[in-house]
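Working notes for the structure below.
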Amino acid sequence: MPATSVIGAQWGDEGKGKVIDLIADRADVVVRFQGGANAGHTVIVEGVKFVFHLLPSGVLHPGKLNVLGNGVVVDPAVLLDEVGQFESRGISLEGRLVVSGAAHCVLPYHRVLDQLREGEKAGVAIGTTGRGIGPAYADKANRCGIRAWDLVDEGRLRARLAANVDDKNKVITRLYGAPPLDFDEIFDLARDQGRRLRSLVKDTGAVLRRALREGQHVFFEGAQGVMLDIDHGTYPFVTSSNADSLGIAAGAGISPREIGHQIGVTKAYCTRVGAGPFPSELHDERGEQLREGGSEFGATTGRPRRCGWFDVPAARYAAALCAFDGLAITKLDVLSGFDEVGLVTAYEIDGRTVDEYPVDTPLIERARPIVKMFPGWSEDVRSVRSFADLPPAARSFVEEICARVGVPWEILSVGPGRESTMFREPS
Ligand code: IMP
């Protein structure tokens, strides 16, 4: 059976967690392949809110295997905390969670460096989540990182950690004038975490290739989104991994041929957290209405999200890059009550109308949105369960998005709960 991917088609926070949770029933395995505890997936089950930063969203489904692949950067403290939270709610992950030995660990010095670096760059800071993601990926690329296999082997851990703490302390003290970190403290903590995580650490690439060979259904769960991808997003205002479907094969240890069905997740509008270009941003009371109505505050950092209309050229770019088969459009309910709803159909850049998303960041920084307004609807749509029962204006708006992006919708979400969802009937 071909694998399915669920990828954020905007700037993250599109509702991927809910989408994965909805279709996880059909999966045997749910895999994260990039990012780390910078993600924040919220799933509401029978009124109980679950927020995951690191665990795949399949953890709420008994009998599914959850995998943190080699492309993820794993903060052992967050992982142990999330596993503990689930267990305290009576959800056991015993035998249902494996972590790649090749996944790099996020250690206390990565967080310290992330925060020092962001503080230093006041004014031009990226607005990272402060979770140490960039510094951990930098160590991976610099070939000095500590992988899960090192974490669970005390001898290897001591040697690699000593070199790292020494190196990082030079930067922390000499460059930033901050106090040095204590090796023994970091080592004792990491050794203890390694002991507790040892049984989870595996060659997950081999696990996944076997699952695929046996015809199991494997779901790949993206974190962040295409526009935050390190290669294809609004660099440098991006995260440090491939947050689109192009990162799946490398981050999971499987062939790109295995991915048969790709779902792009978008909101019916756009949001962005942190700095960087965001052409459709609304700086008026309509942006405020989206933020309040959509509870647009970061699941990881609590920061208010920037809000704007749905950006068609950006979504079309994401769809072309990932070859999405279908869209999952979320938060349509948040648009209820607007007299008119907008779509950014093109940009004006240096006096020219441009309807293709320009990938060079300074161009997108200068882009002014060309917005087309459509009639809004006043009805609360949260209890609507079939497309035909939506107000005509809401239906037209969804159809307009799909036609302009060139991808049909397959899931439509009209509220936070699992039940507030419709699936397109196979035609
Ligand atoms: P980092 O991933 O913490 O390094 O942050 C880099 C950029 O990605 C910042 O603008 C963050 O706000 C953004 N970012 C990281 N993770 C997420 C996410 O899960 N949702 C939305 N934005 C994110």
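FYI, side chains are in, hydrogens and waters are out, and symmetry mates aren't considered; it's all heavy atoms of this structure. One-based numbering, in listed order, for ligands and for the atoms of each.
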Does the side chain of [Y] come within less than 4.5 Å of [X]'s, by heavy atoms?
X: Val19; Y: Lys16; result: no
X: Arg424; Y: Leu412; result: no
X: Asn242; Y: Gln34; result: no

Subject >> Gap between atom CG of Leu197 and atom SG of Cys105 - 0.5 Å precision >> reply: 8.5 Å
Subject >> Non-hydrogen atom of Thr301 closer than 4.0 Å to ligand 1 >> reply: no
Is there any N or O on [X] that sits under 3.5 Å from an N or O of ligand 1?
X: Asp13; result: yes
X: Thr128; result: no
X: Val238; result: no
X: Arg303; result: yes
X: Arg272; result: no

Just need the protein heavy atom nearest to [atom], so name the residue and atom and give the distance.
atom: atom 2 (O) of ligand 1; result: Thr239 OG1, 2.6 Å
atom: atom 10 (O) of ligand 1; result: Val273 O, 3.2 Å
atom: atom 13 (C) of ligand 1; result: Leu228 CD1, 3.9 Å
atom: atom 3 (O) of ligand 1; result: Thr129 OG1, 2.6 Å

Original post:
Does a donor on one side chain sit under 3.5 Å from an acceptor on the other, for His110 and Asp139?
Top reply: yes
Original post:
Is there a donor-acceptor contact under 3.5 Å linking the side chains of His261 and Ser5?
Top reply: no
Subject >> Proximal candidate to atom 19 (O) of ligand 1 [heavy atom criterion; set Gly233, Ala37, Ala125, Ala39] >> reply: Ala39
Subject >> Heavy-atom nearest neighbour of atom 16 (N) of ligand 1 within options Met227, Gln224, Arg305 >> reply: Gln224
**OP:** Mark up the atoms of ligand 1 that fall under 4.0 Å of a heavy atom belonging to Gly127, in ascending order.
**Re:** 9 (C), 10 (O), 11 (C), 12 (O)
Original post:
Which ligand 1 atoms does Trp11 reach within 4.0 Å, using its non-hydrogen atoms?
Top reply: 21 (C), 22 (N)
Subject >> salt_bridge(Glu221, Arg32) N-O dist < 4.0 Å >> reply: no
**OP:** Run the salt-bridge test on Arg418 and Asp21 with the 4.0 Å N-O cut-off and return the result as yes or no.
**Re:** yes
**OP:** For residues Phe338 and Trp309, establish whether the separation of their ring centroids is below 6.0 Å.
**Re:** yes
